[in-house]
Amino acid sequence: PAFHQEYCQLVEGISKLINRLAKKHGEYIAYSSFTESYDRASKEPILQMVLGSHKNEFYLHIYISKGGGFIVGKSGVGPSAQTAAQALTLIEQEIHHAGWL
């Protein structure tokens with residue numbers, strides 16, 4: 001139950017982050033997507049965040065680890081976080097590094 005609450009906080013935080021980015025940089029973001037899927041190889045759910053423009057696209061995967069935690073990166077490789085707040089910090093760092101924030 002505690003990890004489920006972290007998951008819900010992460011989903012809400014990512015949704016708010018996309019909304020904030022769209023309001024602040026709407027002229028550069030032509031589309032966005034935020035979906036959940038399931039990786040059959042790792043048997044873990046994945047959140048996928050996409051921001052796109054006419055010139056480039058940013059995507060990021062957030063793996064929901066069986067051990068209770070989040071892995072933030074592309075193709076399941078990246079830093080890990082134990083809480084939603086930590087994961088959101090990592091997500092914002094990735095967005096900033098890519099020049100979208």
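Worth knowing before you read on, the calculation uses all heavy atoms, side chains too, and leaves out hydrogens, waters and symmetry mates. Source: prediction; values computed, not measured.
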About how many Å separate OG of Ser32 and CG of Leu21, when rounded to the nearest 0.5 Å?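 It is 9.0 Å, given to the nearest 0.5 Å.
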Measure the spacing between NE2 of His4 and CD of Gln9 and express it to the nearest 0.5 Å.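 Result: 10.5 Å between the selected atoms.
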Does [X] use its side chain to pair, donor to acceptor, with the backbone of [Y] at less than 3.5 Å?
| X | Y | value |
| --- | --- | --- |
| Glu12 | Cys8 | no |
| Glu6 | Ala84 | yes |
| Gln5 | Ala2 | no |

Show your reasoning for whether side-chain contact (heavy atoms from CB on, under 4.5 Å) applies to Phe70 and Gln86. CA-CA 9 Å; Phe70 309 101; Gln86 292 169 344; over 6 Å; no
Side chains of [X] and [Y] in contact at under 4.5 Å (non-hydrogen atoms):
| X | Y | answer |
| --- | --- | --- |
| Lys55 | Tyr28 | no |
| Gln48 | Thr35 | yes |
| Phe34 | Ser15 | yes |
| Leu17 | Glu92 | yes |

When clusters are formed by joining ILVMFWY residues with side-chain heavy atoms under 4.5 Å apart, either directly or through shared neighbours, do [X] and [Y] land in the same one?
| X | Y | answer |
| --- | --- | --- |
| Phe3 | Ile62 | yes |
| Ile71 | Leu10 | no |
| Tyr59 | Tyr31 | yes |
| Met49 | Ile29 | yes |

Among Leu90, Val50, Ile91, which residue meets the side-chain contact (heavy atoms from CB on, under 4.5 Å) test with Leu60? Ile91
For Gln82 and Gly68 the tightest heavy-atom approach is OE1-O, 3.0 Å
Closest approach of Ala87 and Ala81, non-hydrogen atoms and distance?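 Nearest heavy atoms, Ala87 then Ala81: N-CB, 3.5 Å.
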Go through the steps for Glu44 and Tyr38 under the test side-chain contact (heavy atoms from CB on, under 4.5 Å), then give the verdict. CA-CA 6 Å; Glu44 295 173 323; Tyr38 185 76; 5.7 Å; no
For Asp39, enumerate each residue passing the side-chain contact (heavy atoms from CB on, under 4.5 Å) test, keeping only those at least two apart in sequence or located in another chain.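 Asp39 satisfies side-chain contact (heavy atoms from CB on, under 4.5 Å) with Ala41, Ser42, Ile46, Tyr63 only.
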